[in-house]
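This report concerns only the one structure given below.
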Amino acid sequence: MLDPQKLRYLFFVDSHGGVRQAADHLNVSPSTVSRQIALLESDLNLILLEHTGRRVRLTEVGRTLCDYYRDQQSADIQLRARLDEFRNVKRGLIRLSIGEGFAEWVVNHPLRAFQMQYPGVDLEVMVHPTLATVQAILEDEADI
């Protein structure tokens, strides 16, 4: 398993142009950054950085890991946004069973307002006789 903290250090070395710059941004010492990357190289048994004097450059493997880290961060942001949508009831499905005598009123008044307020929530509306409406709820075929 890849250690996300070590990947983060590698990513910041790449995005900030060097170990010292990454360390400054992360508010740690340059030796901490270097040590974490060395441990990652050891874990993977692969070279991630090429040292040329005071400068460093990512190897192809290092670049691949940075791309992976970037993709993971993006996926994490998307997942958090989706979860927030669910928490705030901005997405989902509600299965509604309505008795025949109430269908027109419910669809034209409360449901219209609900859909305006929660456009990401899909509604599945079933119109039943009263006994079938109760049965749909009891059998978990309808939510309301």
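Only a predicted model underlies this, so the values are computations on that prediction, with no experimental measurement involved. Heavy atoms only: backbone and side chains are in, while hydrogens, waters and symmetry mates are out.
- Distance CZ/F12 to CG/D24: 12.5 Å, rounded to 0.5 Å.
- No side-chain heavy atom of Q115 sits less than 4.5 Å from a side-chain heavy atom of Q117.
- Side chain of S74 to main chain of R70: no donor-acceptor pair is present (N/O by atom type, distance under 3.5 Å, no hydrogens or angles).
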### Task
With side-chain contact (heavy atoms from CB on, under 4.5 Å) as the test, would you mind laying out the steps for V127 and T133 before giving the verdict?
CA-CA 8 Å; V127 179; T133 296; over 6 Å; no
### Task
Decide side-chain contact (heavy atoms from CB on, under 4.5 Å) for V56 and V13; before the verdict, give the C-alpha distance in whole Å, the side-chain angles of both, and the deciding distance to 0.1 Å.
CA-CA 8 Å; V56 292; V13 167; 3.7 Å; yes
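- Heavy atoms of other residues, nucleotides or ligands lying less than 6.0 angstrom from CD of E60 number 12 at most.
- Between the T59 side chain and the I47 main chain, a donor and an acceptor come within less than 3.5 Å of each other.
- Within the model, atoms OH of Y69 and CG of D76 stand 9.5 Å from one another, a figure rounded to the nearest 0.5 Å.
- A heavy-atom distance below 4.5 Å is found between the side chains of L65 and L2.
- The shortest side-chain heavy-atom distance between L10 and L49 falls under the 4.5 Å cut-off.
- Partners of R63 by salt bridge (Lys or Arg N to Asp or Glu O under 4.0 Å), not counting sequence neighbours, listed by chain and number: D14.
- A donor atom on one side chain and an acceptor atom on the other are found under 3.5 Å apart for S29 and T32.
- Within a 6.0 Å radius of CG in L93, more than 12 heavy atoms belonging to other residues, nucleotides or ligands are found.
- Annotation: D71, atom CG; neighbour count of heavy atoms from other residues, nucleotides and ligands within 6.0 Å is above 12.
- Within 6.0 Å of CG in L39 there are more than 12 heavy atoms belonging to other residues, nucleotides or ligands.
- Under the 4.5 Å side-chain criterion, counting only non-hydrogen atoms from C-beta, R8 is in contact with L26.
- I37 and L58 end up in the same hydrophobic cluster when Ile, Leu, Val, Met, Phe, Trp and Tyr side chains are linked at under 4.5 Å.
- One distance of note links CD of Q72 with CZ of F11; it measures 12.5 Å at 0.5 Å rounding.
- Distance CD/Q21 to OG/S15: 10.5 Å, rounded to 0.5 Å.
- Within the 4.5 Å cutoff, side-chain heavy atoms of L40 are placed close to those of L7.
- P30 approaches R20 most closely through the heavy-atom pair CG-NH1, 3.7 Å.
- Remark: the backbone N or O of A38 is not paired with any side-chain donor or acceptor of S42 at under 3.5 angstrom.
- Partner of K6 under the side-chain contact (heavy atoms from CB on, under 4.5 Å) criterion, out of R35, E41, Q36: Q36 alone.
- V125 and I137 fall into different hydrophobic clusters, defined by Ile, Leu, Val, Met, Phe, Trp and Tyr side-chain heavy atoms under 4.5 Å apart, directly or through other members.
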### Task
Give the C-alpha distance, both sets of side-chain angles, the deciding distance and a yes or no for side-chain contact (heavy atoms from CB on, under 4.5 Å) between M126 and E124.
CA-CA 7 Å; M126 300 166 277; E124 182 181 304; 4.0 Å; yes
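- Taking both residues in full, the closest heavy atoms of S34 and V19 are given as OG-CG1, 3.5 Å, listed atom of the first, atom of the second, then distance.
- Connection of I98 to V134 is not established within any shared hydrophobic cluster, with ILVMFWY side chains joined at heavy-atom distances below 4.5 Å, either directly or through further cluster members.
- Atoms CG and OH, on L48 and Y9 in that order, are 15.5 Å from each other to the nearest 0.5 Å.
- Here the straight-line distance linking atom CZ of R95 with atom CG of L123 works out to 12.5 Å at 0.5 Å rounding.
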